[in-house]
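I have placed the structure first, in the form of C-alpha coordinates, so that the comments after it can refer back to it.
Protein chains get the first letters and strands the later ones, always in sequence-line order, with residue 1 at the start of each.
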2 protein chains.
Amino acid sequence: MNLSVAEENYIKAIYKLQEGEQAVTTNALAYELETKPASVTDMAKKLKEKKLISYEKYQGITLSPEGRKTALQVVRRHRLWECFLVDKLSFSWEEVHELAEELEHVRSEKLISRLSEFLGNPVIDPHGDPIPDANGRMAKPRPQTSLDQANARRLVVTAVSDQSSALLAFLNAKSIKLGTQLEIIAHYEFDNSIEIKVKHQPAITISEQVAKNIMVRPL
Amino acid sequence: MNLSVAEENYIKAIYKLQEGEQAVTTNALAYELETKPASVTDMAKKLKEKKLISYEKYQGITLSPEGRKTALQVVRRHRLWECFLVDKLSFSWEEVHELAEELEHVRSEKLISRLSEFLGNPVIDPHGDPIPDANGRMAKPRPQTSLDQANARRLVVTAVSDQSSALLAFLNAKSIKLGTQLEIIAHYEFDNSIEIKVKHQPAITISEQVAKNIMVRPL
DNA sequence: AAAATTATTTAAGTTTGTCTAAATAATAAT
DNA sequence: ATTATTATTTAGACAAACTTAAATAATTTT
Ligand SMILES: [Mn+2]
Ligand SMILES: [Mn+2]
Ligand SMILES: [Mn+2]
Ligand SMILES: [Mn+2]
(Lines give C-alpha, C1' and ligand atoms only; values in the text may rest on other atoms or scores of the structure.)
(Ligands and ions follow the chains in the order given, each with its own letter.)
Protein backbone atom coordinates (compact mmCIF):
# COMPACT_ATOMS: atom_id res chain seq x y z
CA MET A 1 0.00 0.00 0.00
CA ASN A 2 1.51 3.30 -1.00
CA LEU A 3 0.45 6.06 1.35
CA SER A 4 0.91 9.80 1.04
CA VAL A 5 2.52 11.84 3.78
CA ALA A 6 -0.90 13.17 4.75
CA GLU A 7 -2.34 9.67 4.99
CA GLU A 8 0.53 8.52 7.18
CA ASN A 9 0.05 11.48 9.46
CA TYR A 10 -3.64 10.68 9.83
CA ILE A 11 -2.97 7.02 10.57
CA LYS A 12 -0.40 7.91 13.19
CA ALA A 13 -2.68 10.45 14.81
CA ILE A 14 -5.55 7.97 14.95
CA TYR A 15 -3.23 5.46 16.56
CA LYS A 16 -2.13 8.01 19.10
CA LEU A 17 -5.65 9.06 20.00
CA GLN A 18 -7.09 5.58 20.04
CA GLU A 19 -5.43 4.50 23.31
CA GLY A 20 -7.06 1.19 24.05
CA GLU A 21 -10.28 0.75 22.16
CA GLN A 22 -12.41 3.88 21.99
CA ALA A 23 -13.23 5.21 18.55
CA VAL A 24 -11.55 8.48 17.62
CA THR A 25 -13.76 11.46 17.11
CA THR A 26 -13.72 13.67 14.02
CA ASN A 27 -13.12 16.80 16.05
CA ALA A 28 -10.34 15.28 18.15
CA LEU A 29 -8.50 14.23 15.03
CA ALA A 30 -8.96 17.63 13.42
CA TYR A 31 -7.55 19.28 16.52
CA GLU A 32 -4.61 16.87 16.73
CA LEU A 33 -3.68 17.42 13.08
CA GLU A 34 -4.39 21.14 13.13
CA THR A 35 -6.88 20.81 10.34
CA LYS A 36 -10.66 21.18 10.00
CA PRO A 37 -13.33 18.57 10.78
CA ALA A 38 -14.51 18.68 7.17
CA SER A 39 -11.06 17.61 6.01
CA VAL A 40 -11.06 14.74 8.46
CA THR A 41 -14.37 13.46 7.13
CA ASP A 42 -12.96 13.55 3.60
CA MET A 43 -9.85 11.65 4.60
CA ALA A 44 -11.83 9.16 6.67
CA LYS A 45 -13.68 8.11 3.54
CA LYS A 46 -10.42 7.63 1.69
CA LEU A 47 -8.77 5.63 4.46
CA LYS A 48 -11.86 3.46 4.79
CA GLU A 49 -11.70 2.81 1.05
CA LYS A 50 -8.11 1.66 1.56
CA LYS A 51 -9.24 -0.56 4.46
CA LEU A 52 -6.93 1.11 6.94
CA ILE A 53 -9.71 2.20 9.28
CA SER A 54 -13.24 1.30 10.04
CA TYR A 55 -15.54 4.24 9.84
CA GLU A 56 -19.29 4.76 9.75
CA LYS A 57 -20.87 8.16 9.57
CA TYR A 58 -21.13 9.78 12.98
CA GLN A 59 -19.57 6.71 14.62
CA GLY A 60 -15.95 7.78 14.82
CA ILE A 61 -12.82 6.06 13.54
CA THR A 62 -10.85 3.00 14.60
CA LEU A 63 -7.79 1.49 12.97
CA SER A 64 -8.15 -1.80 11.14
CA PRO A 65 -5.44 -4.42 11.71
CA GLU A 66 -3.63 -3.19 8.59
CA GLY A 67 -4.03 0.38 9.80
CA ARG A 68 -2.47 -0.51 13.14
CA LYS A 69 0.44 -2.18 11.38
CA THR A 70 0.99 0.93 9.28
CA ALA A 71 0.79 3.18 12.32
CA LEU A 72 3.38 1.13 14.15
CA GLN A 73 5.76 1.41 11.22
CA VAL A 74 5.43 5.18 11.14
CA VAL A 75 5.86 5.36 14.91
CA ARG A 76 8.94 3.17 14.65
CA ARG A 77 10.48 5.44 12.05
CA HIS A 78 9.61 8.56 14.03
CA ARG A 79 11.13 7.31 17.24
CA LEU A 80 14.27 5.90 15.65
CA TRP A 81 14.97 9.24 13.98
CA GLU A 82 14.45 10.94 17.34
CA CYS A 83 17.07 8.63 18.82
CA PHE A 84 19.42 9.41 15.98
CA LEU A 85 19.02 13.15 16.42
CA VAL A 86 19.58 13.02 20.16
CA ASP A 87 22.24 10.31 20.37
CA LYS A 88 24.25 11.07 17.26
CA LEU A 89 23.62 14.72 16.40
CA SER A 90 23.38 15.98 19.99
CA PHE A 91 19.98 17.56 19.66
CA SER A 92 18.10 18.02 22.90
CA TRP A 93 14.92 16.06 23.34
CA GLU A 94 12.58 19.01 22.94
CA GLU A 95 13.89 19.83 19.46
CA VAL A 96 13.59 16.49 17.78
CA HIS A 97 9.88 15.90 17.42
CA GLU A 98 9.37 18.38 14.61
CA LEU A 99 12.24 17.01 12.55
CA ALA A 100 11.21 13.41 13.13
CA GLU A 101 7.75 14.40 11.96
CA GLU A 102 9.27 14.84 8.51
CA LEU A 103 11.97 12.17 8.53
CA GLU A 104 9.41 9.52 9.46
CA HIS A 105 7.94 9.73 5.96
CA VAL A 106 11.00 8.43 4.14
CA ARG A 107 9.75 4.92 3.53
CA SER A 108 12.48 2.31 3.23
CA GLU A 109 12.64 -0.92 5.20
CA LYS A 110 16.35 -1.15 4.61
CA LEU A 111 17.04 2.40 5.73
CA ILE A 112 15.14 1.89 8.95
CA SER A 113 16.63 -1.47 9.82
CA ARG A 114 20.13 -0.12 9.20
CA LEU A 115 19.37 2.99 11.22
CA SER A 116 18.06 0.89 14.08
CA GLU A 117 21.15 -1.28 14.01
CA PHE A 118 23.41 1.78 13.84
CA LEU A 119 21.72 3.08 16.99
CA GLY A 120 22.08 -0.26 18.77
CA ASN A 121 18.44 -1.27 18.30
CA PRO A 122 17.10 1.06 20.98
CA VAL A 123 13.78 0.16 22.61
CA ILE A 124 12.78 3.56 23.97
CA ASP A 125 12.98 6.96 22.35
CA PRO A 126 14.32 10.16 23.96
CA HIS A 127 10.91 10.90 25.46
CA GLY A 128 10.65 7.47 27.07
CA ASP A 129 8.21 6.05 24.55
CA PRO A 130 8.72 2.47 23.40
CA ILE A 131 9.98 1.82 19.85
CA PRO A 132 8.14 -0.88 17.90
CA ASP A 133 10.42 -3.48 16.33
CA ALA A 134 10.30 -4.38 12.64
CA ASN A 135 7.25 -6.56 13.32
CA GLY A 136 5.42 -3.85 15.21
CA ARG A 137 6.02 -5.39 18.62
CA MET A 138 7.15 -3.16 21.39
CA ALA A 139 8.12 -3.45 25.02
CA LYS A 140 5.06 -3.29 27.21
CA PRO A 141 5.28 0.09 28.85
CA ARG A 142 6.25 -0.34 32.49
CA PRO A 143 3.57 0.73 34.94
CA GLN A 144 3.77 4.48 35.31
CA THR A 145 1.57 7.26 36.63
CA SER A 146 1.55 10.95 36.16
CA LEU A 147 3.47 12.80 38.84
CA ASP A 148 0.33 14.37 40.29
CA GLN A 149 -1.08 10.93 41.11
CA ALA A 150 2.05 9.23 42.35
CA ASN A 151 1.84 7.92 45.88
CA ALA A 152 5.48 6.94 46.43
CA ARG A 153 7.95 9.59 47.68
CA ARG A 154 10.97 8.72 45.56
CA LEU A 155 10.35 8.49 41.84
CA VAL A 156 12.07 8.23 38.44
CA VAL A 157 10.92 10.18 35.42
CA THR A 158 9.95 7.68 32.70
CA ALA A 159 8.25 9.78 30.05
CA VAL A 160 6.61 13.08 29.24
CA SER A 161 3.10 12.83 27.91
CA ASP A 162 2.80 16.30 26.39
CA GLN A 163 5.62 16.90 23.96
CA SER A 164 5.07 20.55 23.27
CA SER A 165 8.39 22.31 23.16
CA ALA A 166 7.11 24.68 25.84
CA LEU A 167 6.95 21.88 28.39
CA LEU A 168 10.16 20.25 27.23
CA ALA A 169 12.02 23.54 27.46
CA PHE A 170 10.72 24.05 30.99
CA LEU A 171 11.91 20.61 32.03
CA ASN A 172 15.23 21.22 30.39
CA ALA A 173 15.67 24.43 32.34
CA LYS A 174 14.98 22.54 35.56
CA SER A 175 17.35 19.71 34.55
CA ILE A 176 14.56 17.18 34.54
CA LYS A 177 14.99 14.47 31.96
CA LEU A 178 14.32 10.79 31.42
CA GLY A 179 15.73 8.84 34.30
CA THR A 180 15.95 11.85 36.61
CA GLN A 181 15.28 10.82 40.18
CA LEU A 182 13.16 13.09 42.28
CA GLU A 183 11.52 13.26 45.63
CA ILE A 184 8.14 14.68 46.48
CA ILE A 185 8.44 17.17 49.32
CA ALA A 186 4.87 18.42 49.54
CA HIS A 187 1.48 18.63 47.91
CA TYR A 188 -0.31 21.95 48.17
CA GLU A 189 -4.01 21.35 48.12
CA PHE A 190 -4.91 24.90 47.25
CA ASP A 191 -3.86 24.61 43.58
CA ASN A 192 -2.62 21.04 43.52
CA SER A 193 0.90 22.22 42.98
CA ILE A 194 3.71 19.92 44.08
CA GLU A 195 7.06 20.68 45.61
CA ILE A 196 9.78 18.38 44.39
CA LYS A 197 13.49 18.06 44.81
CA VAL A 198 16.07 16.77 42.36
CA LYS A 199 19.39 15.75 43.87
CA HIS A 200 21.95 18.58 43.95
CA GLN A 201 19.31 21.15 43.09
CA PRO A 202 17.10 23.49 45.06
CA ALA A 203 13.55 22.26 45.58
CA ILE A 204 11.03 23.63 43.11
CA THR A 205 7.28 23.89 43.00
CA ILE A 206 5.54 22.80 39.86
CA SER A 207 1.98 23.39 38.81
CA GLU A 208 -0.64 20.68 38.56
CA GLN A 209 -0.57 21.11 34.79
CA VAL A 210 3.10 20.28 34.60
CA ALA A 211 2.75 17.40 37.07
CA LYS A 212 0.03 15.81 34.99
CA ASN A 213 2.41 15.56 32.05
CA ILE A 214 5.41 14.08 33.81
CA MET A 215 5.18 10.31 33.96
CA VAL A 216 6.99 8.54 36.77
CA ARG A 217 7.38 5.21 38.48
CA PRO A 218 8.43 4.45 42.03
CA LEU A 219 12.15 4.10 42.49
CA MET B 1 11.28 31.52 0.76
CA ASN B 2 9.33 28.37 1.49
CA LEU B 3 9.56 25.92 -1.36
CA SER B 4 7.63 22.74 -1.94
CA VAL B 5 9.34 19.44 -2.62
CA ALA B 6 8.42 19.74 -6.30
CA GLU B 7 9.88 23.22 -6.53
CA GLU B 8 13.12 22.08 -4.91
CA ASN B 9 13.38 19.20 -7.34
CA TYR B 10 12.92 21.54 -10.29
CA ILE B 11 15.53 23.98 -9.00
CA LYS B 12 18.03 21.20 -8.45
CA ALA B 13 17.40 19.73 -11.89
CA ILE B 14 17.85 23.13 -13.55
CA TYR B 15 21.10 23.55 -11.67
CA LYS B 16 22.26 20.14 -12.80
CA LEU B 17 21.39 20.74 -16.44
CA GLN B 18 22.70 24.27 -16.58
CA GLU B 19 26.41 23.33 -16.50
CA GLY B 20 28.15 26.59 -17.22
CA GLU B 21 25.82 29.09 -18.76
CA GLN B 22 23.50 27.65 -21.36
CA ALA B 23 19.78 28.02 -20.74
CA VAL B 24 17.92 24.83 -19.90
CA THR B 25 15.36 23.64 -22.37
CA THR B 26 11.77 22.76 -21.48
CA ASN B 27 12.07 19.29 -22.95
CA ALA B 28 15.38 18.52 -21.27
CA LEU B 29 13.93 19.45 -17.90
CA ALA B 30 10.80 17.40 -18.51
CA TYR B 31 12.95 14.41 -19.39
CA GLU B 32 15.21 14.87 -16.37
CA LEU B 33 12.27 15.09 -13.99
CA GLU B 34 10.26 12.39 -15.72
CA THR B 35 7.37 14.71 -16.29
CA LYS B 36 5.76 16.36 -19.32
CA PRO B 37 6.85 19.59 -21.06
CA ALA B 38 3.49 21.18 -20.29
CA SER B 39 4.11 20.70 -16.58
CA VAL B 40 7.53 22.29 -16.91
CA THR B 41 6.09 25.38 -18.56
CA ASP B 42 3.59 25.70 -15.71
CA MET B 43 6.28 25.40 -13.09
CA ALA B 44 8.58 27.79 -14.94
CA LYS B 45 5.97 30.51 -14.58
CA LYS B 46 5.71 29.87 -10.88
CA LEU B 47 9.47 29.84 -10.29
CA LYS B 48 9.84 33.02 -12.30
CA GLU B 49 7.17 34.62 -10.13
CA LYS B 50 9.25 33.65 -7.11
CA LYS B 51 12.34 35.12 -8.75
CA LEU B 52 14.27 31.86 -8.62
CA ILE B 53 14.77 31.62 -12.36
CA SER B 54 14.76 33.87 -15.36
CA TYR B 55 12.45 32.64 -18.04
CA GLU B 56 10.95 34.07 -21.20
CA LYS B 57 8.64 32.14 -23.47
CA TYR B 58 10.55 29.88 -25.85
CA GLN B 59 13.88 31.12 -24.44
CA GLY B 60 14.63 28.42 -21.89
CA ILE B 61 15.40 28.68 -18.20
CA THR B 62 18.37 29.89 -16.17
CA LEU B 63 18.73 30.11 -12.42
CA SER B 64 18.75 33.54 -10.80
CA PRO B 65 21.33 34.18 -8.07
CA GLU B 66 18.73 33.23 -5.45
CA GLY B 67 17.85 30.14 -7.44
CA ARG B 68 21.47 29.08 -7.54
CA LYS B 69 21.75 29.57 -3.80
CA THR B 70 18.70 27.41 -3.25
CA ALA B 71 19.99 24.74 -5.61
CA LEU B 72 23.29 24.58 -3.76
CA GLN B 73 21.50 24.10 -0.47
CA VAL B 74 19.50 21.20 -1.85
CA VAL B 75 22.61 19.69 -3.41
CA ARG B 76 24.41 20.05 -0.09
CA ARG B 77 21.66 18.25 1.75
CA HIS B 78 21.49 15.53 -0.89
CA ARG B 79 25.19 14.80 -0.83
CA LEU B 80 25.54 14.92 2.93
CA TRP B 81 22.76 12.35 3.30
CA GLU B 82 24.51 10.20 0.72
CA CYS B 83 27.65 10.33 2.83
CA PHE B 84 25.68 9.42 5.89
CA LEU B 85 24.09 6.42 4.22
CA VAL B 86 27.38 5.11 2.88
CA ASP B 87 29.70 5.96 5.77
CA LYS B 88 27.42 5.30 8.71
CA LEU B 89 24.75 2.90 7.51
CA SER B 90 26.98 0.88 5.16
CA PHE B 91 24.89 1.36 2.06
CA SER B 92 26.70 0.92 -1.20
CA TRP B 93 27.04 3.94 -3.44
CA GLU B 94 24.53 2.82 -6.02
CA GLU B 95 21.71 2.56 -3.49
CA VAL B 96 21.88 5.94 -1.89
CA HIS B 97 20.74 8.34 -4.56
CA GLU B 98 17.06 7.43 -4.36
CA LEU B 99 16.95 7.76 -0.57
CA ALA B 100 18.87 11.04 -0.61
CA GLU B 101 16.36 12.28 -3.15
CA GLU B 102 13.80 12.23 -0.35
CA LEU B 103 15.96 13.08 2.66
CA GLU B 104 17.21 16.22 0.91
CA HIS B 105 13.81 17.83 1.39
CA VAL B 106 13.91 17.96 5.16
CA ARG B 107 14.73 21.63 5.51
CA SER B 108 16.62 22.51 8.68
CA GLU B 109 19.84 24.45 8.83
CA LYS B 110 20.62 23.01 12.21
CA LEU B 111 20.02 19.43 11.15
CA ILE B 112 22.30 19.79 8.17
CA SER B 113 25.12 21.55 9.97
CA ARG B 114 25.03 18.92 12.73
CA LEU B 115 24.94 16.14 10.18
CA SER B 116 27.90 17.61 8.34
CA GLU B 117 29.85 17.91 11.55
CA PHE B 118 28.92 14.35 12.54
CA LEU B 119 30.32 13.15 9.22
CA GLY B 120 33.52 15.15 9.65
CA ASN B 121 32.51 17.90 7.23
CA PRO B 122 33.13 15.85 4.11
CA VAL B 123 33.86 17.72 0.87
CA ILE B 124 33.01 15.03 -1.65
CA ASP B 125 30.10 12.61 -1.73
CA PRO B 126 30.24 8.87 -2.40
CA HIS B 127 30.07 9.48 -6.16
CA GLY B 128 32.97 11.90 -6.12
CA ASP B 129 30.87 15.03 -6.43
CA PRO B 130 31.84 18.05 -4.35
CA ILE B 131 29.64 19.04 -1.39
CA PRO B 132 28.81 22.75 -1.10
CA ASP B 133 29.49 24.22 2.33
CA ALA B 134 26.90 26.17 4.32
CA ASN B 135 27.58 29.22 2.15
CA GLY B 136 27.23 27.34 -1.09
CA ARG B 137 30.94 27.27 -1.81
CA MET B 138 32.49 24.04 -2.93
CA ALA B 139 35.90 22.70 -3.80
CA LYS B 140 36.70 23.39 -7.42
CA PRO B 141 36.46 20.03 -9.06
CA ARG B 142 39.95 18.76 -9.88
CA PRO B 143 40.64 18.48 -13.59
CA GLN B 144 39.13 15.25 -14.80
CA THR B 145 38.13 13.70 -18.10
CA SER B 146 35.89 10.87 -19.04
CA LEU B 147 37.71 7.58 -19.40
CA ASP B 148 37.15 7.45 -23.16
CA GLN B 149 39.13 10.66 -23.62
CA ALA B 150 41.94 10.06 -21.17
CA ASN B 151 45.40 10.12 -22.67
CA ALA B 152 47.43 8.91 -19.68
CA ARG B 153 47.83 5.16 -19.09
CA ARG B 154 47.46 4.99 -15.31
CA LEU B 155 44.36 6.65 -13.93
CA VAL B 156 42.27 7.05 -10.77
CA VAL B 157 38.48 7.01 -10.83
CA THR B 158 37.25 10.35 -9.48
CA ALA B 159 33.53 10.34 -10.21
CA VAL B 160 30.71 8.77 -12.17
CA SER B 161 28.69 11.13 -14.27
CA ASP B 162 25.63 8.97 -14.85
CA GLN B 163 24.18 7.84 -11.55
CA SER B 164 21.63 5.37 -12.80
CA SER B 165 21.67 2.32 -10.58
CA ALA B 166 22.27 0.22 -13.69
CA LEU B 167 25.71 1.77 -14.22
CA LEU B 168 26.56 1.84 -10.55
CA ALA B 169 25.62 -1.82 -10.18
CA PHE B 170 27.86 -2.68 -13.13
CA LEU B 171 30.80 -0.82 -11.61
CA ASN B 172 30.17 -2.48 -8.30
CA ALA B 173 30.27 -5.89 -9.93
CA LYS B 174 33.62 -5.02 -11.47
CA SER B 175 34.94 -3.63 -8.17
CA ILE B 176 35.35 -0.19 -9.62
CA LYS B 177 34.74 2.59 -7.15
CA LEU B 178 35.96 6.07 -6.29
CA GLY B 179 39.71 6.01 -5.96
CA THR B 180 40.12 2.77 -7.85
CA GLN B 181 43.35 2.81 -9.85
CA LEU B 182 43.24 1.39 -13.30
CA GLU B 183 45.41 1.04 -16.35
CA ILE B 184 44.37 1.32 -19.95
CA ILE B 185 45.50 -1.71 -21.90
CA ALA B 186 44.00 -1.01 -25.30
CA HIS B 187 41.55 1.07 -27.34
CA TYR B 188 39.54 -0.81 -29.94
CA GLU B 189 38.69 1.58 -32.71
CA PHE B 190 35.94 -0.56 -34.13
CA ASP B 191 33.41 0.28 -31.38
CA ASN B 192 35.55 2.57 -29.22
CA SER B 193 35.56 0.00 -26.45
CA ILE B 194 38.44 0.10 -24.00
CA GLU B 195 40.29 -2.67 -22.26
CA ILE B 196 41.28 -1.81 -18.74
CA LYS B 197 42.90 -3.56 -15.85
CA VAL B 198 42.33 -3.05 -12.15
CA LYS B 199 45.04 -4.39 -9.89
CA HIS B 200 44.47 -7.97 -8.73
CA GLN B 201 41.69 -8.45 -11.23
CA PRO B 202 41.43 -9.82 -14.73
CA ALA B 203 41.44 -7.23 -17.51
CA ILE B 204 37.99 -6.28 -18.75
CA THR B 205 36.66 -4.58 -21.82
CA ILE B 206 34.13 -1.84 -21.34
CA SER B 207 31.88 -0.19 -23.88
CA GLU B 208 32.26 3.39 -25.04
CA GLN B 209 29.01 4.20 -23.26
CA VAL B 210 30.39 3.07 -19.93
CA ALA B 211 33.73 4.77 -20.53
CA LYS B 212 32.01 8.08 -21.22
CA ASN B 213 30.49 8.01 -17.75
CA ILE B 214 33.56 7.14 -15.73
CA MET B 215 35.51 10.24 -14.80
CA VAL B 216 39.23 9.87 -14.17
CA ARG B 217 42.40 11.82 -13.66
CA PRO B 218 45.97 10.82 -14.30
CA LEU B 219 47.66 9.07 -11.42
C1' DA C 1 -40.40 16.24 24.81
C1' DA C 2 -39.00 20.33 22.80
C1' DA C 3 -35.34 23.52 22.35
C1' DA C 4 -30.63 24.61 22.29
C1' DT C 5 -26.06 23.29 21.68
C1' DT C 6 -22.44 20.69 19.76
C1' DA C 7 -20.53 17.41 16.42
C1' DT C 8 -20.35 15.82 11.96
C1' DT C 9 -21.16 15.77 7.23
C1' DT C 10 -22.10 17.77 2.65
C1' DA C 11 -21.51 21.14 -0.92
C1' DA C 12 -18.86 24.13 -3.30
C1' DG C 13 -14.52 26.25 -4.11
C1' DT C 14 -9.07 26.77 -3.85
C1' DT C 15 -4.21 25.48 -4.53
C1' DT C 16 -0.59 22.56 -6.17
C1' DG C 17 1.13 19.72 -9.43
C1' DT C 18 0.05 16.85 -12.71
C1' DC C 19 -1.93 15.22 -17.50
C1' DT C 20 -3.75 15.10 -22.66
C1' DA C 21 -4.90 17.34 -26.74
C1' DA C 22 -4.75 21.26 -29.53
C1' DA C 23 -2.55 25.53 -30.98
C1' DT C 24 1.42 28.14 -31.98
C1' DA C 25 6.33 29.18 -32.52
C1' DA C 26 11.00 27.92 -33.86
C1' DT C 27 13.96 25.25 -36.56
C1' DA C 28 15.31 22.15 -40.29
C1' DA C 29 14.61 20.23 -44.83
C1' DT C 30 13.47 20.56 -49.38
C1' DA D 1 10.70 30.41 -49.72
C1' DT D 2 7.67 26.99 -48.71
C1' DT D 3 7.00 22.88 -46.22
C1' DA D 4 7.77 19.60 -42.71
C1' DT D 5 9.38 18.60 -38.21
C1' DT D 6 10.21 19.52 -33.56
C1' DA D 7 9.74 22.31 -29.38
C1' DT D 8 6.98 24.92 -26.55
C1' DT D 9 2.91 26.87 -24.82
C1' DT D 10 -2.11 27.13 -23.96
C1' DA D 11 -6.53 25.25 -22.74
C1' DG D 12 -9.13 22.33 -20.21
C1' DA D 13 -9.36 18.48 -16.78
C1' DC D 14 -8.16 15.82 -12.72
C1' DA D 15 -6.64 14.16 -8.02
C1' DA D 16 -5.16 15.31 -3.43
C1' DA D 17 -5.68 17.87 0.45
C1' DC D 18 -7.25 21.69 2.04
C1' DT D 19 -11.02 25.63 3.29
C1' DT D 20 -15.65 28.00 4.50
C1' DA D 21 -20.51 27.97 4.83
C1' DA D 22 -24.65 25.53 5.10
C1' DA D 23 -27.25 21.37 6.27
C1' DT D 24 -28.10 17.60 9.18
C1' DA D 25 -27.50 14.43 13.08
C1' DA D 26 -26.52 13.59 17.93
C1' DT D 27 -26.41 15.11 22.47
C1' DT D 28 -27.55 18.04 26.36
C1' DT D 29 -30.35 21.32 28.73
C1' DT D 30 -34.38 22.98 30.22
MN1 LIG E 1 4.78 13.38 9.99
MN1 LIG F 1 9.17 10.78 20.87
MN1 LIG G 1 14.33 15.16 -4.30
MN1 LIG H 1 25.86 11.81 -5.28
Side-chain angles (χ1 to χ4, degrees), chain A residues 1-15 17-19 22-63 67 70-71 74 101-102 104-107, chain B residues 1-15 17-19 22-63 67 70-71 74 101-102 104-107:
Chain A
M1 187 96 49
N2 226 25
L3 301 182
S4 68
V5 169
E7 287 168 332
E8 284 192 343
N9 282 333
Y10 271 89
I11 291 293
K12 187 160 66 92
I14 295 164
Y15 175 82
L17 295 178
Q18 212 175 322
E19 285 285 322
Q22 330 135 44
V24 174
T25 228
T26 303
N27 268 359
L29 199 44
Y31 181 78
E32 173 72 18
L33 290 166
E34 297 179 81
T35 182
K36 296 283 143 51
S39 309
V40 172
T41 301
D42 279 359
M43 183 60 95
K45 290 173 185 166
K46 235 193 311 177
L47 294 176
K48 182 187 180 177
E49 192 57 41
K50 294 192 173 188
K51 301 195 189 305
L52 294 166
I53 62 172
S54 67
Y55 164 69
E56 295 301 331
K57 266 191 188 182
Y58 297 104
Q59 299 311 123
I61 295 170
T62 46
L63 288 178
T70 302
V74 182
E101 200 55 54
E102 302 194 42
E104 69 187 0
H105 301 293
V106 178
R107 252 185 269 48
Chain B
M1 188 100 45
N2 226 26
L3 301 182
S4 68
V5 168
E7 287 168 333
E8 284 193 344
N9 283 333
Y10 270 89
I11 291 293
K12 187 159 67 92
I14 296 164
Y15 175 83
L17 297 178
Q18 210 174 323
E19 283 287 323
Q22 331 135 43
V24 174
T25 228
T26 303
N27 269 357
L29 198 45
Y31 181 78
E32 172 73 19
L33 290 166
E34 297 179 82
T35 181
K36 295 282 142 49
S39 309
V40 172
T41 302
D42 281 358
M43 183 60 94
K45 290 172 185 168
K46 235 192 312 175
L47 295 176
K48 182 187 181 178
E49 191 58 40
K50 294 192 173 188
K51 301 195 191 305
L52 293 167
I53 63 173
S54 66
Y55 164 70
E56 296 301 330
K57 266 191 189 184
Y58 298 104
Q59 298 312 123
I61 296 170
T62 46
L63 288 178
T70 302
V74 182
E101 200 55 53
E102 302 193 43
E104 70 187 0
H105 302 292
V106 177
R107 250 184 274 42

[N] [atom2] sits how many Å from [X] [atom1], rounded?
X       : N      : atom1 : atom2 : value
B:Gln59 : C:dA26 : CD    : P     : 7 Å
B:Met43 : D:dT9  : CE    : C1'   : 16 Å
B:Tyr58 : C:dA26 : OH    : C1'   : 8 Å
B:Leu33 : C:dC19 : CG    : P     : 10 Å
A:Glu56 : C:dT9  : CD    : P     : 11 Å
B:Ile61 : D:dT9  : CD1   : P     : 8 Å

Task: Those residues of residues 5-14 of chain A lying under 4.0 Å from DNA chain C by at least one heavy atom - done: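 Close to the strand, none.
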TODO: Decide side-chain contact (heavy atoms from CB on, under 4.5 Å) for B:Glu101 and B:Asn9; before the verdict, give the C-alpha distance in whole Å, the side-chain angles of both, and the deciding distance to 0.1 Å.
DONE: CA-CA 9 Å; B:Glu101 200 55 53; B:Asn9 283 333; 3.2 Å; yes
TODO: Identify the two heavy atoms, one from A:Tyr15 and one from A:Ala71, that lie closest to each other, and give their separation to 0.1 Å.
DONE: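 Here A:Tyr15 and A:Ala71 meet closest at CB-CB, 3.5 Å.
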TODO: Kindly give the heavy-atom pair with the smallest separation between B:Glu102 and A:His105, and that separation in Å.
DONE: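 That closest heavy-atom pairing would be OE1-O, 4.2 Å.
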Open item on the list: So, taking the atom named CG in B:Asp42 and the one named NZ in B:Lys36, what distance separates them when rounded to the nearest 0.5 Å?
Closed with: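 Answer rounded to 0.5 Å: 13.5 Å.
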Task: Closest listed nucleotide, where the reference is the side chain of B:Lys36 and the choices are D:dT8, C:dT9, C:dC19 - done: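 The answer is C:dC19, which lies nearest to the side chain.
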Open item on the list: By nearest heavy atom, map A:Thr35 and B:Val24 onto DNA chain D; which one lands nearer the 5' end?
Closed with: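 The 5'-side residue here is B:Val24.
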Atom pairs, protein N/O to nucleotides 10-12 of chain C N/O, distance under 3.5 Å:
residue: C:dT10; atom: OP1; partner: A:Lys57; partner atom: NZ; Å: 2.7
residue: C:dT10; atom: OP2; partner: A:Lys45; partner atom: NZ; Å: 2.7

- [ ] Determine: side-chain N/O of A:Asn27 to OP1/OP2 of C:dT8, distance under 4.0 Å, yes or no.
- [x]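 Result: yes.
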Task: N or O in side chain of A:Thr25 less than 4.0 angstrom from C:dA7 OP1/OP2 - done: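 No.
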Open item on the list: side-chain contact (heavy atoms from CB on, under 4.5 Å) for A:Thr62 and A:Gln18? Distances and angles first, verdict last.
Closed with: CA-CA 7 Å; A:Thr62 46; A:Gln18 212 175 322; 3.7 Å; yes
Open item on the list: For A:Ile11 and A:Leu63: C-alpha separation, side-chain torsions, deciding distance, then whether side-chain contact (heavy atoms from CB on, under 4.5 Å) applies.
Closed with: CA-CA 8 Å; A:Ile11 291 293; A:Leu63 288 178; 4.0 Å; yes
Task: Side-chain (A:Arg107) to main-chain (A:Val74) donor-acceptor, under 3.5 angstrom - done: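 Pair absent, no side-chain N/O of A:Arg107 close to backbone of A:Val74.
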- [ ] Evaluate the criterion side-chain contact (heavy atoms from CB on, under 4.5 Å) for residue pair A:Thr70 and A:Glu7; output intermediate values, then yes/no.
- [x] CA-CA 10 Å; A:Thr70 302; A:Glu7 287 168 332; over 6 Å; no
Expected list for residues 25-34 of chain A: side-chain donor-acceptor pairs under 3.5 angstrom, two or more places apart:
residue: A:Glu32; atom: OE2; partner: A:Lys16; partner atom: NZ; Å: 3.2

